2 protein chains.
Amino acid sequence: MSDDTRSPIDPAATHAALLAAGAELFAEHGYAATRVRDIAARAGANLAAISYHFGGKQELYMAVLEHEAARMIAQHPLSQPDHADDPVAQLRDVIGGLLGRVLADDERGLIQRLLLREMFSPSEALPLLVERVQKPQFALVLSAVTAVAGPHVPPDRLRLAGLSLVAQCLFYLSARPVVERIVPDVVSAGGRTRLVEHLTDYNLAALQALRAAHAEPGDA
Amino acid sequence: MSDDTRSPIDPAATHAALLAAGAELFAEHGYAATRVRDIAARAGANLAAISYHFGGKQELYMAVLEHEAARMIAQHPLSQPDHADDPVAQLRDVIGGLLGRVLADDERGLIQRLLLREMFSPSEALPLLVERVQKPQFALVLSAVTAVAGPHVPPDRLRLAGLSLVAQCLFYLSARPVVERIVPDVVSAGGRTRLVEHLTDYNLAALQALRAAHAEPGDA
DNA sequence: ACTAGAATCAAACATCTGTTTGAAACAAAT
DNA sequence: ATTTGTTTCAAACAGATGTTTGATTCTAGT
């Protein structure tokens, strides 16, 4: 990020560089532990640029969250369920997509990390993130869960099942250092495909059991 | 917390009050966002008491983690699997125990919150917490998972299943504000028993499918 | 009662940190 | 070329924050 060789005065470039540097540092260290001097330095901008362009640290943080949320929606749209006929493939795609976003080292992981930090230390920005990031993600998960479990399962159970699924994917975002310390080679490059397989199999079985438990009397 | 009417000089009481106040504030706001002045105030102690008794903020933080980990082991031992004959009950107990610890508002929740913060922003204290808190917890989960899924499932799959189970329980610790915003009444007092039921059913089904997939050729 | 060490306290200290300032550099319009 | 408004910059600023200090109070041993 942040072209260090930015000789001509380019307000937009400074603005963008500050947003990018802020996103990385806020995601890595959290709001309180991030120094505005470090953000400015990484952005190759002057210290006062933060106050000039955004008003202050707090406003920059909010702008970062809005910007990252908007970018995720624009650049990485949650794939629509185009497997209307194959619920299992739909489930696998949702899991793979969610896990890929969560474990990505690039900008896709940024918004997830920021969101998780907001979850744990909510600020006034949490509602925005929930509305723009979490709810659409959950809706997608819920549609996949519903497709597998069938329409006869009560909405309550479907929501709980969706939460279980999201939980297992997001877990590896926060618990990565610990998981690697307890069970090695789970989030390594090779282990990632195994992980998607496991999550698909594991939840598929649970969802099919849920479907069976709420089968329509006349169903096979 | 921290008896405010502590007229006689009692070094041990000050020491303990600082540990308690530090645990609460560190768990609530994280290390960077916690001010030593607030800790001292909540403990009813003088500001300099932190340096005097522990050396500094960093050392107090380490002492808090060690103390909370030790207290959890001493006061809330992870119930041993006394259901050698009933794997389902064992699973339910493990889930209920883990979820109870995670959602507890008392001191049981403290160590979990501190641990989760360490997971996300690891410090040099993480290895200690993993060894003293996380590994024993995971061993217990793994024994329950193994009891249900049977001995013929490869250890790799068992560990992944254990992680899935832990993930679903810990999720509600970090995601509580978001969960309540997406799906109301899940972590409420009434919803908690429903939650334990759901988690038990959901994972029981998944584990039984795992058992069936790896059944000994001669098994029924 | 006296002394010595431990613990507490109010105050001061040094550093860090977010913010502001006023001048300088730049771009665009006249 | 001059003017005007915008952007950048080094420096300074004010407040917060972790730490230290030196005196004071307390407890215990003699």
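Not measured: the values here are computed from a predicted model. The chains referred to below are lettered A, B, ... by the order of the sequence lines, with proteins before strands, and numbering in each begins at 1.
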> To the nearest Å, how far apart are B:F54 CZ and C:dT8 P?
Replying inline: 11 Å

> How would you list all residue pairs meeting salt bridge (Lys or Arg N to Asp or Glu O under 4.0 Å) that involve residues 52-78 of chain B, not counting sequence neighbours?
Replying inline: B:E68-B:R71

> With sequence neighbours excluded, what pairs up with A:F138 under the ring pair (Phe, Tyr, Trp, His ring centres under 6.0 Å) test?
Replying inline: none

> Rounded to the nearest Å, what distance is computed from the CG atom of residue A:D10 to the P atom of nucleotide D:dT7?
Replying inline: 10 Å

> How would you list, by chain and number, every residue that makes a side chain to side chain contact (heavy atoms under 4.5 Å, CB included) with A:S121, sequence neighbours excluded?
Replying inline: B:R117

> Taking OP1 and OP2 of C:dT8, is either one under 4.0 Å from a side-chain nitrogen or oxygen of B:H53?
Replying inline: yes

>> Can you measure B:L25 atom CG to D:dG18 atom P for me and round it to whole angstrom units?
In response: 12 Å

Contacts under 3.5 Å, N or O only, protein and nucleotides 19-25 of chain D:
| unit_1 | atom_1 | unit_2 | atom_2 | d |
| --- | --- | --- | --- | --- |
| D:dT19 | OP2 | B:K57 | N | 2.8 |

>> If the condition is side chain to side chain contact (heavy atoms under 4.5 Å, CB included), which residues does A:R113 pass it with, not counting sequence neighbours?
In response: A:A27, A:L173, B:F120

> Listed by chain and number, what are the ring pair (Phe, Tyr, Trp, His ring centres under 6.0 Å) partners of A:F171, not counting sequence neighbours?
Replying inline: none

> Given atom NE2 of A:H15 and atom C1' of D:dT6, what is their separation to the nearest angstrom?
Replying inline: 15 Å

> Tell me: CZ of A:R35 to P of D:dT17, nearest whole Å?
Replying inline: 11 Å

> With under 30° as parallel and over 60° as perpendicular, where do the rings of A:F26 and A:Y31 fit, or are they tilted in between?
Replying inline: parallel

